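Here is the structure we will look at.
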Amino acid sequence: MEKIRYSYKFIYGLIFLFTIMESSCKKTDDTIVLKETGTVTDVDGNIYKTIKIGNQWWMAEDLKVKKYKNGDFINQIQSDSLKWNMDTIGAYADNITNSNELIGRFYNWYTVKNAKQLAPEGWHIPTDNEWKKMEIFLGMNSSEADKPGWRGNGEGDKLKKQAPNGWTTFEKVWGNNESGFNAIANGCKLFNSNYGDPGQFATEFWWSISEQNNSEVWYRYLDYKNSAIFRSHTYKNYGFSVRCVKN
């Protein structure tokens, strides 16, 4: 009888073990989220990673093209403050690290709005509302998304490339790149052609296509000291990075 009771205990033990394993596997399967990714190529031949966020396709890298879609070159104004400040046609500037590495390009808004088109074929510069749509998908309240200033709670970190690669670390602000947007802190170029301070590894700015009035445009901003997303409007002769969204 002892042998029989031992056998039952052994069998019940196996059943319990298999139940736990099955439950564990189901939990793991439920939490796996496979991101849809792809690529897009600009007129210069640069290939960018893309990511689907909600039902939108976004570029997962900042634009660095030097030509409009029709093949015309964009005017480069690297350090001439007067030319940069006065330009109303369209211009870009290289963003270069102290080690002379090109990490991106800044465009004034006149480049973004130019009829020759900056975005690759089948893509466009996002509107303010398209930025909001992505932010809401990441968890931001829709009423809060309409506000200016810092909004949300952690959505900014969901956009940032995982620290410490690309971002200065600060207390509990830590990029997790949950969205796959892969934002890197490139800084910005000011209206007087100077670079923003702090810039590289601390901040990132992107244009929208949406004008707030005749002289200012809506943009988005991330900061290494904040986990939220900043929404505001500024003058068109600033130099910001560009992300494109699929038509």
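The structure displayed is predicted, hence computed values, not measured ones.
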Side chains of H124 and E130, donor plus acceptor under 3.5 Å: yes
Salt bridge K236-E216, side-chain N to carboxylate O under 4.0 Å: no
Just by distance, no angles: are the side chains of D87 and N237 close enough, under 3.5 Å, to form a donor-acceptor pair? no
Measuring from atom OG1 of T50 to atom CZ of R243, what distance do you get when rounded to the nearest 0.5 angstrom? 11.0 Å
For N153, does the CG atom sit with more than 12 other heavy atoms under 6.0 Å from it, leaving out its own atoms? no
Other ILVMFWY residues reachable from W218 by side-chain steps of under 4.5 Å: none
Going through the checks in order, is the side-chain contact (heavy atoms from CB on, under 4.5 Å) test met by K132 and R231? CA-CA 9 Å; K132 291 180 190 176; R231 170 181 179 260; 3.7 Å; yes
Is R220 paired with D128 through a side-chain N to carboxylate O contact shorter than 4.0 Å? yes
Above 12 or not: heavy atoms from other molecules or residues under 6.0 Å from NZ of K66? no
Non-hydrogen side-chain atoms of P120 and L63 separated by less than 4.5 Å: yes
Spell out, yes or no, whether V65 and I125 are grouped together once hydrophobic residues are joined by side-chain heavy atoms under 4.5 Å, including indirect joins. yes
Does one hydrophobic cluster hold both W207 and W123, with members joined at side-chain heavy-atom distances below 4.5 Å? yes
Any residue meeting side-chain hydrogen bond (donor to acceptor under 3.5 Å, both in side chains) with W84, in chain and number order, not counting sequence neighbours: none
If you draw a 6.0 Å radius around NZ in K69, do more than 12 non-hydrogen atoms from other residues or ligands fall strictly inside? yes
Over all heavy atoms of both residues, which pair between S208 and V112 is shortest? Give the atoms and the distance, please. O-CG1, 4.4 Å
Between V43 and E121, is the side-chain contact (heavy atoms from CB on, under 4.5 Å) condition met? List the steps. CA-CA 8 Å; V43 68; E121 184 69 38; over 6 Å; no
For ring pair (Phe, Tyr, Trp, His ring centres under 6.0 Å), just list the numbers for W174 and Y224, CA-CA rounded to whole Å, side-chain angles, deciding distance to a tenth of an Å, and then say yes or no. CA-CA 8 Å; W174 195 269; Y224 78 107; over 10 Å; no
Between T111 and N108, is there a side-chain donor-acceptor contact under 3.5 Å, judged purely by atom types and distance? yes
What is the ring orientation for W150 with F230, classed by angle as parallel under 30°, tilted 30 to 60°, or perpendicular over 60°? perpendicular
Evaluate whether atom NZ of K67 has more than 12 neighbouring non-hydrogen atoms of other residues, nucleotides or ligands under 6.0 angstrom away. yes
Nearest non-hydrogen partners of I184 and W167, listed with the distance: CA-NE1, 3.9 Å
By side-chain hydrogen bond (donor to acceptor under 3.5 Å, both in side chains), which residues pair with D94, not counting sequence neighbours? Q76, R105
With ring pair (Phe, Tyr, Trp, His ring centres under 6.0 Å) as the criterion, how do Y219 and F240 come out once you've worked through the C-alpha distance, each side chain's angles and the decisive distance to 0.1 Å? CA-CA 9 Å; Y219 69 92; F240 291 165; 5.2 Å; yes
Within the 3.5 Å criterion, strictly below it, is a donor on K133 or N55 matched to an acceptor on the partner's side chain? yes
For a side-chain contact (heavy atoms from CB on, under 4.5 Å) with K64, tell me which candidate from L102, V242, N46, D44 qualifies. N46
Side-chain heavy atoms nearer than 4.5 Å, only ILVMFWY residues, links allowed to pass through others: does that put V217 and V245 together? no
Residue that, paired with Y238, satisfies ring pair (Phe, Tyr, Trp, His ring centres under 6.0 Å) out of F205, F191, W206: F191
Checking N129 against T127 for the side-chain hydrogen bond (donor to acceptor under 3.5 Å, both in side chains) test, could you report, in this order, the C-alpha distance in whole Å, the side-chain angles of both residues, the deciding distance, and whether it holds? CA-CA 5 Å; N129 283 333; T127 63; 5.3 Å; no
